[in-house]
Amino acid sequence: MQQGLSLGAVSLEEELALIRRGAEEIFPEEELVEKLVAARREKRPLRVKLGVDPTARELHLGHLIPVLKLQTFQQLGHQAVLIIGDYTATLGDPTGRNKARPPLTHDQVLANAEGYAAQLFRFLDPKGTELVYNGRWFGQMGFHDVIRLLSHMTLARMLEREDFQNRWKNGFPIGLHELVYPLMQGYDSVQVRADVELGGIDQKFNILVGRDLQKEVGQPPQVGVCSPILLGLDGKEKMSKSLGNYIALSDPPEEMYGKTMSIPDELMMQYYELITTVSLSELDGIRRGLADGSLHPRDAKRRLAREIVMRFYNEEAALAAEAHFDRVHKEREIPADVPEVVLDTASLKEGRIWIAQLLVRAGLAASNSEARRLVAQGGVRLDGEVVTDPEFDWPARSGVVVQVGKRRFARIVVAS
RNA sequence: GGAGGGGUUCCCGAGUGGCCAAAGGGAGCAGACUGUAAAUCUGCCGGCGCAGCCUUCGCAGGUUCAAAUCCUGCCCCCUCCA
């Protein structure tokens with residue numbers, strides 16, 4: 001992780017360039033400049049807010065984009081304010097979906113929250129981060145407080161939000177509780193007196209609601225710094241868990257590397273910009289190289305994959321992941337580290353095991369039927385030899401590597 | 001409160017008595033090709049040691065030789081009118 005800088009350690013231009021990097025929209029940008037200037041003058045760091053709702057257990061790179069932006073602010077000497085939306089998460093955020101998210105219990109949310117915070121502090125300096133749960137204020141509000149909060153908004157205003165509008169037009173349900181969500185997020189900004197709020201561009205509406213609420217209580221309104229929505233590995237849809245097109249924060253280095261190699265070429269620059277720390281001038285070089293053909297897209301992507309692994313692990317892991325990838329995909333060889341699967345003698349009949357059973361036991365197929373199909377399609381190998389007969393009874397032998405497809409392996413160990 | 005529409009295999013969605021383990025698309029998996037786990041093409045895509053059998057179409061019953069399809073009750077969702 002880069003060292004934190006003190007406020008004003010870099011020029012205002014540099015500071016702005018770092019903040020703008022990969023940002024899709026900053027609104028209003030003039031206000032951001034004013035705030036930055038004032039911060040320098042008064043030696044008062046900006047309070048930069050990021051709210052996360054711990055609705056899932058697993059974080060992926062898409063979640064991380066605004067977090068990395070917060071890291072940037074922190075490194076520039078500003079005050080990070082991380083809000084864990086333990087209350088908002090129980091509501092279900094309508095963001096970008098046309099189905100209401102199923103509500104979580106508060107206990108589930110708190111359990112998730114712990115994991116989140118731990119993961120996020122891999123990127124944020126805990127000492128320079130104010131961590132708050134929004135249940136701290138929402139948990140204390142009475143019904144009349146809620147009504148008062150609601151009175152700040154009109155239905156028409158709320159329906160301006162694109163997602164609500166779409167659902168309204170298409171006859172999809174909009175839960176009343178969902179209408180409250182933007183107000184809650186906005187109220188968070190009031191509570192922490194945010195100068196800047198970060199988020200994906202899908203948060204724009206909510207961030208603007210925060211500005212309105214702040215103005216109403218006489219606070220200087222926050223500035224929104226929105227990141228684009230990171231596209232997933234397919235290059236078409238938003239990175240999301242349910243679509244399965246994601247790189248998880250918990251993915252091992254080889255997975256991260258391989259998944260990165262699978263993104264469409266057009267996505268490379270966005271990933272470079274949003275996820276890596278490769279300098280802006282170097283990015284220009286890469287862009288030019290790709291454009292004039294002097295840089296092979298494969299090489300640009302290999303570097304990207306390394307950079308990404310490096311950011312989440314380290315250089316050593318990145319190089320190892322690359323070696324693994326080359327071995328499995330370029331040379332079509334068995335990787336160095338193959339998980340072992342132990343076969344106990346009880347699963348053998350006269351020292352043999354049916355190939356389908358072998359695959360199931362090795363976790364390479366979900367059922368005998370699936371295993372049969374894999375064999376029938378020529379997708380199964382024993383020590384590199386394709387198995388063609390779905391009825392094959394294999395004389396089990398330790399050390400043999402079973403392979404399904406191009407990249408799923410298991411080394412068999414026969415228990416004695 | 002009234003009227004109407006609907007709940008199908010991971011998702012979307014066709015199917016209104018046998019030809020239905022259920023069209024089509026998506027996702028996923030495998031094969032070919034490739035710089036690639038991209039794109040494209042091909043195949044597979046409920047379970048069972050599988051030319052056969054078993055379980056599935058909101059839930060519970062019923063009619064029938066035969067039900068995802070018909071009947072009864074229940075649960076859930078949506079739209080319109082008020």
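Here B/G49 is the nucleotide among B/A30, B/G49, B/G35 with the atom lying nearest to any side-chain atom of A/Trp354. Checking B/U36, B/C50, B/C29 against every side-chain atom of A/Phe325, the shortest atom distance belongs to B/U36. For A/Arg372, taking side-chain heavy atoms from C-beta onward, the closest of the listed nucleotides B/G35, B/G49, B/C48 is B/G49.
If you measure from atom CG of A/Asn368 to atom P of B/C44, you get 20 Å, rounded to the nearest angstrom. Between the CG atom of A/Asn245 and the P atom of B/C11 there is a distance of 18 Å, given to the nearest Å. Atom pair A/Ile263:CD1 and B/U36:C1' shows a separation of 11 Å (rounding to whole Å applied). Here B/U36 presents its C1' atom at 16 Å from CG of A/Asp234, a figure rounded to the nearest Å. Taking atom CD of A/Glu370 as the reference point, atom P of B/A30 lies 9 Å away to the nearest angstrom. Atom C1' of nucleotide B/A30 and atom CZ of A/Phe409 are separated by 14 Å, given to the nearest angstrom.
Side-chain atoms of A/Asp393 come within donor-acceptor range of the base of B/G49, with a qualifying N/O pair under 3.5 Å. For B/G31, the base has no donor-acceptor partner in the side chain of A/Gln377 [N/O atoms by modelled type, under 3.5 angstrom]. For A/Arg332 against B/U34, a side-chain-to-base donor-acceptor contact under 3.5 Å is present. Residue-to-nucleotide contacts include no donor-acceptor pair under 3.5 Å from the side chain of A/Ser367 to the base of B/C48.
Here A/Arg381 lies out of heavy-atom contact (under 4.0 Å) with every strand. The residue A/Asp326 sits apart from the nucleic acid: no heavy atom pair falls under 4.0 Å. Residue contacts for A/Lys330: at a heavy-atom cut-off of 4.0 Å it reaches no nucleic acid atom on any strand shown. As judged by a 4.0 angstrom heavy-atom cut-off over every strand, A/Gln403 is placed among residues making no nucleic acid contact. At a threshold of 4.0 angstrom between heavy atoms, the contacts of A/Arg303 with the nucleic acid are absent. Nucleic acid contact for A/Asp265: base, since at least one base atom lies under 4.0 Å from a heavy atom of the residue. Counting any heavy atom pair closer than 4.0 Å across all strands shown, A/Arg373 reaches sugar-phosphate atoms only and no base atom.
For B/G24, the paired base is B/C12 (Watson-Crick or G-U wobble, both distances below 3.5 Å). B/U63 is unpaired under the criterion used here, namely a Watson-Crick or G-U wobble arrangement in which both key atom distances are under 3.5 Å. As the counterpart of B/A30, B/U42 is assigned, both hydrogen-bonding distances of the Watson-Crick or G-U wobble pattern falling under 3.5 Å. Under the Watson-Crick and G-U wobble criteria, each requiring two contacts below 3.5 Å, nucleotide B/U79 is paired to B/A3.
Comparing B/C80 with B/U55, their C1' atoms are spaced 40 Å from each other, to the whole Å. Annotation: B/G28 and B/C77 have their C1' atoms spaced 29 Å apart (nearest Å). To the nearest whole angstrom, the two C1' atoms, one in B/G17 and one in B/C70, are 7 Å apart. Taking the P atom of each, B/G4 and B/A39 are spaced 48 Å apart, rounded to whole Å. B/A60 sits 14 Å from B/A68 when the P atoms are compared, rounded to a whole Å. Taking the C1' atoms as reference points, B/G15 lies 14 Å from B/A21, given to the whole Å. Nucleotides B/G7 and B/C59 have their P atoms positioned 13 Å apart, rounded to a whole Å. With C1' as the reference atom, B/U8 and B/A22 are 9 Å apart, rounded to whole Å.
Judged by distance alone, the side chain of A/Arg411 and the main-chain N or O of A/Val338 form no donor-acceptor pair under 3.5 Å. Looking at A/Glu197, its side chain never comes within 3.5 Å of a backbone N or O of A/Val223 through a donor-acceptor pair.
For A/Lys406, a side-chain nitrogen or oxygen approaches OP1 or OP2 of B/G31 to under 4.0 Å.
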Practice item. Evaluate the side-chain hydrogen bond (donor to acceptor under 3.5 Å, both in side chains) criterion for residues A/Glu31 and A/Gln222: first the C-alpha distance (whole Å), next the side-chain angles of each, then the deciding distance (0.1 Å), finally the verdict. Key: CA-CA 9 Å; A/Glu31 272 183 40; A/Gln222 63 185 3; over 6 Å; no

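Using the six-membered ring where Trp is involved, A/Tyr187 and A/Phe138 have ring planes that are tilted, between 30° and 60° apart.
Here the NZ atom belonging to A/Lys35 is positioned 4.5 Å from the CG atom belonging to A/Asp195, to the nearest 0.5 angstrom. A/Gln119 CD to A/Leu59 CG: the interatomic distance, rounded to the nearest 0.5 Å, is 4.5 Å.
The six-membered or imidazole ring of A/Phe312 lies near that of A/Phe123, with a centre-to-centre distance under 6.0 Å.
Between A/Gly405 and A/Met261, it is A/Gly405 whose nearest contact on RNA chain B lies nearer the 5' terminus. Mapping A/Gly378 and A/Leu233 onto RNA chain B by nearest heavy atom places A/Gly378 at the nucleotide closer to the 5' end.
A heavy-atom distance below 4.5 Å is found between the side chains of A/Ile19 and A/Leu76.
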